[in-house]
Amino acid sequence: MSILKIARMGHPVLAQRADEVANPAAPDIRRLVADMVETMIDANGAGLAAPQVHVPLRVVVFQAPGERTDAGVSEAERFDHTAPLTVLINPVIEIMDAATEGGWEGCLSVPGLRGYVEGPGHIRYRGFDHEGNVVARTAKGFHARVVQHECDHLDGILYPQRMGDMTKFIFESEARHWMKDE
Ligand code: NI
């Protein structure tokens, strides 16, 4: 396994639509997934999409604890890497409820910043894991937020493009000023 270099906002690989994976269980996909998981943990991210490691394929990995508040604004916070790991290949998202929820987001490709994003709070997602098994779940809250953030990467979308209020696009180091308001 290897730790891969993470593409940063402005690299064209982050702005393009990633390609479908022909065979989710192929050995090269298994290797990619292993490297993505190692890279995500090393970088202390909650999730990672293949375009973020310069591979334009529809593959995401994430670790979403069941319950989590908007504590992602804390510099000191460590993501819970004991939370269940999900590998999702060729994902499709369906919105279950038009009601939106807001929360602070960050991205390994947009280092040092946080932004407040409103989005659907209840979704269903479906795809394959790297053994070719179908993955189909519903998700709410932080879980739903992570899935949508990672899948947006596959369509060339970074979270700042989802923001409605750019006054809430801030440096991590200033996040403490906002925590009491949210
Ligand atoms: Ni991201």
Hydrophobic clustering (ILVMFWY, side-chain heavy atoms < 4.5 Å, transitive) - are [Y] and [X] grouped together?
X    : Y    : answer
I93  : V117 : no
V37  : L32  : yes
M163 : W178 : no

Test item: [X] and [Y] side chains (from C-beta on) under 4.5 Å apart, heavy atoms:
X    : Y    : answer
R145 : I123 : no
F171 : L113 : yes
M36  : V55  : no
C107 : H149 : yes
R162 : Q148 : no
Q63  : I41  : yes
I29  : L57  : yes
Y159 : W104 : no

Item to check | Worked check of salt bridge (charged side-chain N to carboxylate O under 4.0 Å, His left out) between D129 and R30 | outcome: CA-CA 9 Å; D129 68 16; R30 185 179 299 262; over 6 Å; no
Provide the closest heavy-atom pair for [X] versus [Y] in the form atom of the first, atom of the second, distance.
X    : Y    : result
L154 : P51  : CD2-CD, 3.7 Å
P91  : C151 : CG-SG, 3.6 Å
G121 : A144 : O-CB, 3.9 Å
V135 : V87  : CG2-O, 4.1 Å
H153 : L14  : ND1-CD2, 4.4 Å
F142 : A46  : CZ-CB, 4.0 Å

Trace of the side chain to side chain contact (heavy atoms under 4.5 Å, CB included) decision for K168 with R114
CA-CA 8 Å; K168 292 184 174 176; R114 289 282 187 267; over 6 Å; no
query: Can we say R124 and D97 salt-bridge, meaning some charged N sits less than 4.0 Å from an Asp/Glu carboxylate O?
result: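 Between D97 and R124 there is no salt bridge, as every charged N stays at least 4.0 Å from the carboxylate O atoms.
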Could you tell me whether a side-chain N or O of [X] sits under 3.5 Å from a main-chain N or O of [Y], the two making a donor and an acceptor?
X    : Y    : answer
E38  : S2   : yes
S109 : A7   : yes
Q161 : L158 : yes

Practice item. Calculate, to the nearest 0.5 Å, the distance between atoms CG and CD belonging to N90 and E20 respectively. Key: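 Going from CG on N90 over to CD on E20, the span is 4.5 Å.
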Practice task
Could you label the plane-to-plane angle of the H143 and F62 rings as parallel, tilted or perpendicular, counting under 30° as parallel and over 60° as perpendicular?
Solution key: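 Rings of H143 and F62: tilted, 30 to 60°.
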